[in-house]
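Start at 1 and go down the list; that is how both ligands and their atoms are numbered.
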Amino acid sequence: MQTPPTKDSSHPRSDHHRPRYHFLPPENWMNDPNGLIQWQGVYHLFYQYNPNGPLWGTIHWGHATSADLVNWRYHPLALTPGPEGYDVDGCWSGCAVDDEDRLALLYTGKGDDGRENLCIAHAGPSLDAFQKHPANPLDARPPHAIEAPGIRDPFIWREAGQWRLLLGSGVRGEGGAALLYTSTDLLHWKYQHPLAVGDGSTGEMWECPNFIPLGDRNVLIISALPQVTVLASVGDYADGRFTPDEWRRMDGGDAWYAPQIFFDSQRRPLVIGWIKEERDDQAQQAAGWSGVMSLPRILSAGVGAAPFSVAPVPEVTQLRANERTHVFHLANEERVTIPTNSHGQWEVELLVDQTDGAFTLTLVEHDATLAEVIVDLTSSRAGLAGPTQSATAWMPYTPPASGPLRIVCFFDHSVVECFVQGQASLTKRVYPQALEAVHVRVAASGASAPSRLHARVWDMRDATLSEAPQR
Ligand code: DQQ
């Protein structure tokens, strides 16, 4: 069993753009979260990982655990490609389930023939060693006529005494698809039909499908290719088929991808996504690491215009320190700067008493814009712009029935995660040269009355990311 790389390479840690309270491995490349599960009280996060360098390739499953979703321990690598041909080119994304009291990982084996194979591995007693099943690769071919561009990223749940499996795929000439299979033993799978097929506007290939009940409806989440965008729709589920109401972006930025969702023991639907780098390969090579997980978020059924809501888990507040409060009365077209701190780790909460026009929260380095959250109060939508691009997506939110609008932004060296009214998320990467020069500037425009602004700023402590004790 390979162990995760030791931390003798100090240079990933010396990169001032490396986050300190978001999860990431000690070094090298990480992409999708996999196998999210709370097992005997402990949260497990597996992840797509290249132990050989900071760019995508030779994909293994890394493994970490947490008692609180904030502080994590690294464990030995859970899945390593090969030596069998069915996963020799990579152990791609998948999920974790309770297989009669054994932790089982269902994953995508990338075969030496280029095929994507459904595979299963079981944990030994320590949960630090996983045994690939001799029945691999499992037979989960869809009918040939579908001409699927891929079959990957198993997502599994129990229903009516059976296992149900979704594979991310597509139907040639139609669009992305989530294919539905059933099984009684996790080894033998029977193809049923697509749970849902897109009409082409949602991509040709759906990666990483996630499907859960949400309130009294269901929600399907997909990572659409070639757009590389996460879409979700609430809809009706009957007879193994899902009818979406309307596909919407799940995050208003372009950096958040391939999320996975799971229910914890409190029955909270928790979602973690991969926050990609938005700097080039050369910069990632030089840094020695790439990719970070979003803060865990809670998904809930929306109200009004927003069909679902996304908010950070409350556990994150344990990292807050040194609360500062600022109160401003902001005249129309006026802007003020809210000081943050010099070390690039902070959270700001804004309570905004403004009912029309627009409110903008701009992350600036000295005077230069790094990112801009624009809240259109008149239409109740929020967007995320960059220094050279305007907002690409507008996320609807339901305004408070009374009282101020609440905007929360987290900054962690190069990660920006903002949440509007605990409903709409906006995620972006920025790479400032001088962390001490990064501040928040707020402005009101088109407002019919001055707005009152109540701001709280906290320093955020480092999360603890440590090696698991040797057994
Ligand atoms: N990443 C994995 C695939 C998945 C894609 C490979 C999404 O299984 O479809 O690393 O980022």
K.L.:
Taking N or O atoms only and a 3.5 Å limit, does Gln48 qualify as a polar contact for ligand 1?
P.N.:
yes
K.L.:
Relative to the heavy atoms of Tyr257, which atoms of ligand 1 are at a distance of less than 4.0 Å?
P.N.:
7 (C), 11 (O)
K.L.:
Which protein non-hydrogen atom lies closest to atom 5 (C) of ligand 1, naming both residue and atom, and how far is it?
P.N.:
Asp32 OD2, 3.3 Å
K.L.:
Does the N or O separation between Trp56 and ligand 1 drop below 3.5 Å for any pair?
P.N.:
yes
K.L.:
Using 30° and 60° as the class limits, which term best fits the ring planes of Tyr191 and Tyr181: parallel, tilted or perpendicular?
P.N.:
perpendicular
K.L.:
Ligand 1 and Glu207, any nitrogen or oxygen pair closer than 3.5 angstrom?
P.N.:
yes
K.L.:
Can you name the atoms of ligand 1, numbered from 1 with element, that are less than 4.0 Å from a heavy atom of Ser93?
P.N.:
2 (C), 8 (O)
K.L.:
Using the test side chain to side chain donor-acceptor pair (under 3.5 Å), find all partners of Trp289 that sit at least two apart in sequence or belong to another chain.
P.N.:
Asp15
K.L.:
Using a strict 4.0 Å threshold on nitrogen-to-oxygen distance, state whether Lys132 and Glu84 make a salt bridge.
P.N.:
no
K.L.:
Between the side chains of Asp87 and Tyr107, does any donor sit under 3.5 Å from an acceptor?
P.N.:
yes
K.L.:
Yes or no: does Thr108 have any heavy atom under 4.0 Å from an atom of ligand 1?
P.N.:
no
K.L.:
Please name all residues satisfying side-chain contact (heavy atoms from CB on, under 4.5 Å) with Asp99, sequence neighbours left out, ordered by chain then number.
P.N.:
Ala104, His122, Leu186
K.L.:
First locate atom SG of Cys208, then atom CD1 of Ile222, and finally report the distance between them rounded to the nearest 0.5 Å.
P.N.:
10.5 Å
K.L.:
Please classify the Asp153 to ligand 1 contact at 4.0 Å (heavy-atom distances, strictly less than): side chain, backbone, both or neither.
P.N.:
side chain
